Asker: 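Take this structure, written in structure tokens, and hold onto it; I'll ask about it next.
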Amino acid sequence: MKLTILGGGGFRVPLVYGALLGDRREGRVTEVVLHDLDAGRLSAVTRVLAEQAAQVEDAPRVTATTDLDEALRGADFVFSAIRVGGLEGRAQDERVALAEGVLGQETVGAGGIAYGLRTVPVAVDIARRVARLAPDAWVINFTNPAGLVTEAMSRHLGDRVIGICDSPVGLGRRIARVLGANPNEAWIDYVGLNHLGWVRGLKIAGRDELPRLLADPDLLGSFEEGKLFGVDWLRSLGAIPNEYLHYYYFNREAVRSYQQAEKTRGAFLADQQARFYDEVGAPGVKALDVWDRTRAEREATYMSENRETAGAGERDADDLSGGYEKVALALMRAIARDERTTLILNVRNQGTLSVLDTDAVIEVPCLVDANGAHPVSVAPLPDHATGLVCSVKAVEREVLAAAESASRSTALKAFALHPLVDSVNVAHRLVEGYTSVHPGLAYLK
């Protein structure tokens with residue numbers, strides 16, 4: 001089975017390959033093709049993968065190419081993990097927004113809109129090529145903003161593109177652990193959009209244990225989200241929000257913390273990864289050791305500004321192991337081998353949330369089998385959550401329309417309508433700022 005990874009020179013690719021090395025069953029991946037526009041990054045990551053596979057018998061063969069059509073042709077699965085504009089582009093997204101006093105995070109608010117406007121045209125081109133060169137392939141989208149990009153690609157690939165994110169899975173596992181339950185035996189009632197969802201229940205053996213958690217302030221305050229949001233707010237909501245909702249519920253504090261930080265997250269990662277790729281390229285260096293050390297630092301500093309604002313302290317050791325690669329491989333195995341499973345995924349709505357249309361991509365539990373991912377029916381969201389979901393989905397639709405029409409005025413509308421952008425005048429300045437620093441937005445007229 002052939003797996004193509006787009007963005008194959010990306011830092012997190014060894015997580016995926018490491019997970020593949022542990023899969024020894026029939027129908028496994030035997031060939032991995034890495035595609036990236038940067039040959040130097042491809043070379044560095046290939047070195048890390050070679051060291052990972054050094055002691056593994058019959059490891060999947062790895063090849064690398066800068067030719068997109070060559071990478072896609074004949075693929076069974078395509079993992080799309082591209083970053084249009086690179087990490088420097090992300091850093092610019094953050095700087096432009098923060099200069100206007102609004103959030104510049106890569107998936108939320110102004111930064112997410114800018115990233116989406118750069119990424120959607122490229123993602124659509126990839127989707128069209130997959131449809132032509134590998135029509136039977138399944139595309140698993142890692143690229144942020146994951147829900148928005150998955151929806152853009154679904155217009156050309158239908159249900160054969162599925163978006164993934166490890167945030168809901170990590171949240172469900174933390175709740176289960178706090179309740180003393182096996183996370184693998186828990187049913188997580190989670191619903192929303194990517195980076196905009198809530199756990200409303202967690203069933204163990206058919207019994208919802210979330211009320212027990214909400215009723216116990218000590219338990220509720222003992223894990224990441226309890227520390228991040230505060231016990232009183234979680235009890236008021238009657239649900240546990242995805243960590244990214246901290247940007248909405250504590251927006252002023254988050255913006256102030258990001259403005260006061262020595263570096264934005266994008267700038268930190270850009271510098272960190274530049275050192276990594278330089279160091280791995282040096283002769284005699286153990287590439288895997290360098291990668292392990294760099295990854296540990298990356299995970300430990302994740303959302304550090306938000307945790308500092310909330311006084312949440314350091315991340316727990318159990319939360320430092322990542323997980324998106326495990327979700328991706330579980331999804332791939334379920335489809336390839338018809339190993340039926342349940343995963344929280346980004347898929348077309350298909351009537352699951354009545355307030356959104358059929359084609360809107362949402363993030364919900366799905367039953368997965370050889371025919372793909374099938375969203376599970378969920379109860380309606382409360383009014384406060386419905387309002388936020390509908391508002392952000394409307395913004396995503398304006399981003400898609402702007403990318404399709406190359407309309408600067410539609411892009412302006414997307415910025416102005418976002419709940420975290422508080423002025424049309426600010427939206428005008430954001431459009432001016434982003435188009436002046438991003439060549440990838442030159443198409444907007």
Side-chain angles (χ1 to χ4, degrees), residues 1-66 70-72 75-83 87 140-143 164-166 169-170 269 272-302 317-334 336-337:
M1 191 162 66
K2 175 181 176 179
L3 168 64
T4 294
I5 302 178
L6 307 182
F11 180 78
R12 296 203 290 180
V13 168
L15 290 171
V16 175
Y17 190 65
L20 289 173
L21 291 176
D23 187 2
R24 314 306 298 169
R25 289 173 285 183
E26 287 296 318
R28 67 191 182 91
V29 170
T30 55
E31 178 184 4
V32 176
V33 178
L34 307 181
H35 171 269
D36 205 287
L37 300 179
D38 189 324
R41 289 165 61 94
L42 275 177
S43 177
V45 170
T46 301
R47 284 189 62 186
V48 176
L49 269 52
E51 292 185 17
Q52 283 182 301
Q55 305 300 321
V56 179
E57 184 180 353
D58 199 24
R61 181 170 64 93
V62 176
T63 58
T65 179
T66 56
E70 177 187 338
L72 292 176
D76 296 292
F77 285 87
V78 177
F79 286 3
S80 181
I82 62 174
R83 181 174 287 281
L87 283 170
I140 299 177
N141 178 56
F142 298 72
T143 300
I164 67 164
C165 180
D166 58 351
V169 176
L269 291 176
Q272 185 203 51
Q273 292 194 22
R275 292 194 302 272
F276 162 75
Y277 287 107
D278 285 346
E279 191 173 348
V280 167
V285 169
K286 290 187 176 181
L288 183 56
D289 289 348
V290 177
W291 179 81
D292 278 330
R293 183 176 70 247
T294 307
R295 182 179 67 89
E297 180 187 30
R298 174 189 176 118
E299 294 293 338
T301 55
Y302 177 67
D318 286 339
D319 294 332
L320 299 180
S321 59
Y324 88 121
E325 73 286 355
K326 297 173 185 175
V327 180
L329 265 62
L331 172 58
M332 184 173 65
R333 284 196 295 265
R337 303 171 184 163

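Source: prediction; values computed, not measured.
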Asker: Verify, without hydrogens or angle tests, whether T143 (side chain) and S80 (backbone) share a donor-acceptor contact under 3.5 angstrom.
Answerer: yes
Asker: Does some side-chain heavy atom of H35 sit less than 4.5 Å from a side-chain heavy atom of V33?
Answerer: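 SC-SC contact between V33 and H35 ruled out.
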Asker: Distance check, rounded to the nearest 0.5 Å: E297 atom CD versus R275 atom CZ?
Answerer: 6.0 Å
Asker: Could you pull out the closest heavy-atom pair between P60 and V29, with the gap in Å?
Answerer: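 Smallest heavy-atom distance, with atoms named: CG-O, 3.5 Å.
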Asker: Minimum heavy-atom separation for P14 to V48, with atom names?
Answerer: CG-CG1, 3.7 Å
Asker: Can you tell me how far apart CG (L329) and CZ (R28) are? Round to the nearest 0.5 Å.
Answerer: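 Output value for this atom pair is 12.0 Å.
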Asker: Is there side-chain contact between V169 and K326, with heavy atoms separated by less than 4.5 Å?
Answerer: no
Asker: Give a yes or no on whether the backbone of V285 and the side-chain of R47 come within a donor-acceptor separation of less than 3.5 Å.
Answerer: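 Yes; judged by distance alone, with no hydrogens or angles, the pair exists.
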Asker: Would you name the heavy atoms of L42 and G9 that are closest together and state the gap between them?
Answerer: CD2-N, 3.8 Å
Asker: Does any N or O in the side chain of Y17 come within less than 3.5 Å of the main-chain N or O of A53, such that one atom is a donor and the other an acceptor?
Answerer: no
Asker: Using only atom types and a distance under 3.5 Å, with no angle test, would you say the side chain of E325 pairs donor to acceptor with the backbone of A19?
Answerer: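 No; zero donor-acceptor contacts below 3.5 Å.
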Asker: With a 4.5 Å limit on heavy-atom distance, are the side chains of V327 and L331 in contact?
Answerer: no
Asker: If I take atom CD from residue Q272 and atom OH from residue Y277, how far apart are they, to the nearest 0.5 angstrom?
Answerer: 10.5 Å
Asker: Can you name the closest pair of heavy atoms from L21 and A59 and give their distance?
Answerer: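 The answer is CD2-CB, 3.6 Å.
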Asker: By the definition side-chain contact (heavy atoms from CB on, under 4.5 Å), identify the one residue from T66, T46, L3 that meets it with L34.
Answerer: T46
Asker: CE of M1 to CE of M332: how many Å apart, nearest 0.5 Å?
Answerer: 4.5 Å
Asker: What are the two closest heavy atoms between A328 and I164, and how far apart are they?
Answerer: CB-CD1, 3.5 Å
Asker: First locate atom OG1 of T65, then atom CG of L72, and finally report the distance between them rounded to the nearest 0.5 Å.
Answerer: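 The CG atom of L72 is 10.0 Å from OG1 of T65, to the nearest 0.5 Å.
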Asker: Nearest 0.5 Å, what's the CG-CD1 distance between N141 and I82?
Answerer: 8.0 Å
Asker: Using the six-membered ring wherever Trp is involved, compare the ring planes of F276 and F11 and label them parallel, tilted or perpendicular (cut-offs 30° and 60°).
Answerer: perpendicular
Asker: Which heavy atom of L288 sits nearest to which heavy atom of E51, and what is that distance?
Answerer: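 Looking at all heavy atoms of both residues, the closest pair is N-OE1, 3.0 Å.
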